[in-house]
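All remarks here apply to the structure that follows.
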Protein chains: 2
Amino acid sequence: MLHDPAQLDLMFQALADPARRQMVDRLSRGPASVSQLAEPLAMSLSAVVQHLNVLEASGLVRTEKLGRVRTCRIEPQALRSAEHWINERRLAWERRLDRLGDFLAETKDET
Amino acid sequence: MLHDPAQLDLMFQALADPARRQMVDRLSRGPASVSQLAEPLAMSLSAVVQHLNVLEASGLVRTEKLGRVRTCRIEPQALRSAEHWINERRLAWERRLDRLGDFLAETKDET
DNA sequence: CCGATACTGAAGTAATTACTTCACTATTGT
DNA sequence: ACAATAGTGAAGTAATTACTTCAGTATCGG
């Protein structure tokens, strides 16, 4: 379920918005309430809650409500799987280049 | 210019679409022409070209036209910087957890 | 030169997104 | 009890997105 393409879709979609990345950035420095997340952002609380719902639906952020404050924290596993998707593709490309380099070096030797 | 926030924005935006990720995936296995990229996708060539333009504007893909075929290839540096953004946030969170763990362990010792 | 191939570009459209405001429901502190 | 705080939910709207079709333009192969 970690590399579920639908989940990956939601995660990259979630990361596509600068406000949401700013929220993730804030959360990477520790848990925060909704208002704390909202504070540096030039938009209504309501808008922030909507962004937060996107982040939560993507699995990148987990939240928990105690009394009237909702505390948000990062889900590192989810970040890891987005990271992993990119990494796999990049490595595939780079391995390919290496093999190509080897091949060219070999055929050069043979001349 | 590699960690330019505007560029990062374009990259995550580009990766947010499943068709575009499929194109990146294909390119990770080697260069391809526009038609080759289009072949597995259930959409018009025109739509593929539009996606390709998004990918190119984001810096994730570089293309080069020879004669009538446009050859597309991945730009690993760009992939690396998206990867890096995620990685930094995840590590910040995990280091924080470690320090918290150390702190809790220490205060336990002191009781 | 001529038909097929490989795109390219413009226009239009339906769906989605990123907000807004406003009205509302808990909780908490005094 | 009451005011302030913290967040929720529903509309509404403007902009953007992901396509479509159609009408091109080069280039290539014979």
Side-chain angles (χ1 to χ4, degrees), chain A residues 5-27 29-75 82, chain B residues 5-27 30-74 82:
Chain A
Q7 197 71 6
L8 219 32
D9 220 75
L10 293 173
M11 287 191 291
F12 280 113
Q13 190 98 246
L15 290 173
D17 188 274
R20 283 191 298 258
R21 279 206 310 285
Q22 205 176 324
M23 292 165 75
V24 168
D25 186 48
R26 166 63 188 80
L27 290 175
R29 295 192 251 295
S33 69
V34 175
S35 334
Q36 285 175 325
L37 282 180
E39 194 260 323
L41 299 171
M43 64 179 72
S44 71
L45 229 205
S46 238
V48 172
V49 171
Q50 288 170 56
H51 281 306
L52 187 53
N53 292 338
V54 172
L55 284 168
E56 198 169 11
S58 79
L60 285 167
V61 165
R62 188 166 42 86
T63 74
E64 169 184 28
K65 195 160 186 174
L66 271 187
R68 61 182 167 176
V69 349
R70 176 147 81 141
T71 302
C72 313
R73 61 192 74 245
I74 265 182
E75 198 59 77
Chain B
Q7 197 71 5
L8 218 34
D9 220 73
L10 293 173
M11 286 190 293
F12 279 113
Q13 192 99 246
L15 290 173
D17 187 275
R20 284 190 300 256
R21 279 207 310 287
Q22 205 177 324
M23 291 164 76
V24 168
D25 186 47
R26 166 62 187 81
L27 291 175
S33 69
V34 176
S35 334
Q36 284 174 326
L37 280 180
E39 193 260 321
L41 297 170
M43 65 180 70
S44 71
L45 229 205
S46 235
V48 172
V49 171
Q50 288 170 55
H51 280 308
L52 187 52
N53 292 337
V54 173
L55 284 169
E56 198 168 12
S58 79
L60 285 168
V61 164
R62 187 166 43 85
T63 74
E64 171 184 24
K65 195 159 184 173
L66 272 188
R68 62 185 165 173
V69 347
R70 174 146 81 141
T71 302
C72 313
R73 62 192 74 244
I74 267 183

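In what follows, chains are A, B, ... by sequence order, proteins preceding strands, each numbered from 1. When reading the values below, keep in mind they use all heavy atoms of this one structure, side chains included, and skip hydrogens, waters and symmetry mates.
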DNA chain D: 5'-proximal contact among A/Gln13 and A/Val49 (nearest heavy atom):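 The 5'-side residue here is A/Val49.
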B/Ser44, nearest nucleotide to its side chain (from D/dT21, C/dC7, D/dA10):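 Selected nucleotide: D/dT21.
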When you get a sec, tell me which of C/dA18, D/dC19, D/dT8 is the closest nucleotide to the side chain of A/Leu45?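 The answer is D/dT8, which lies nearest to the side chain.
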Check: [Y] and [X] side chains under 4.5 Å, non-hydrogen atoms:
X	Y	value
A/Arg26	A/Pro40	no
B/Glu56	B/Arg70	yes
A/Thr71	A/Leu66	no

State, to 0.1 Å, how close A/Ala19 and A/His51 come at their nearest heavy-atom pair, and which atoms those are.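 That would be CB-NE2, 4.0 Å.
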Heavy-atom pair of closest approach, residues B/Val34 and B/Val48: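 Heavy atoms only, the tightest pair is O-CG1, 4.2 Å.
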Does a distance-only test, which skips hydrogens and angles, find a donor-acceptor pair under 3.5 Å between the side chain of B/Ser46 and the base of D/dT21?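 Pair found.
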So does B/Gln50 reach the base of D/dT20 with its side chain, donor to acceptor, closer than 3.5 Å?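 When only heavy-atom distances are counted, B/Gln50 does reach the base of D/dT20 through a donor-acceptor pair under 3.5 Å.
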Look at the side chain of B/Gln7 and the backbone N and O of B/Ser58, then say whether any donor-acceptor pair between them is shorter than 3.5 Å.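 Yes; judged by distance alone, with no hydrogens or angles, the pair exists.
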Has the side chain of A/Arg20 got a donor or acceptor atom that lies under 3.5 Å from a matching backbone atom of A/Ala14?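 A pair under 3.5 Å: yes.
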Of A/Leu37, A/Val54, A/Leu52, which is the lone residue that meets side chain to side chain contact (heavy atoms under 4.5 Å, CB included) with A/Val61?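 Per the side chain to side chain contact (heavy atoms under 4.5 Å, CB included) rule, the option paired with A/Val61 is A/Leu52, out of A/Leu37, A/Val54, A/Leu52.
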[X] [atom1] to [Y] [atom2] distance, which is reported to the nearest 0.5 Å:
X	Y	atom1	atom2	result
A/Leu55	A/Arg21	CG	CZ	11.0 Å
A/Leu41	A/Gln22	CG	CD	4.5 Å
A/Ser44	A/Gln50	OG	CD	7.0 Å

Counting only side-chain nitrogens and oxygens, does A/His51 get under 4.0 Å of the OP1 or OP2 atom of C/dC19?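 For A/His51, the contact criterion (side-chain N or O under 4.0 Å from OP1 or OP2 of C/dC19) is met.
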At how many degrees, to 10°, do the end axes of the helix from C/dC1-D/dG30 to C/dT30-D/dA1 meet when each uses five pairs?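 Result, rounded to 10 degrees: 30°.
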Whole-Å distance between [N] [atom2] and [X] [atom1]?
X	N	atom1	atom2	value
A/Leu52	D/dA6	CG	P	16 Å
B/Asn53	D/dT17	CG	C1'	14 Å
B/Gln36	C/dC7	CD	C1'	13 Å

For DNA chain C, which residues in residues 55-75 of chain A have a heavy atom at a distance below 4.0 Å?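 Within this stretch, A/Gly67, A/Arg68 sit under 4.0 Å of the strand.
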Could you identify which residues of residues 16-27 of chain B place a heavy atom less than 4.0 Å from some atom of DNA chain D, listed by residue number, or say none?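 B/Asp17, B/Arg20 - these, ordered by number, are the residues of the stretch whose heavy atoms sit under 4.0 Å from the strand.
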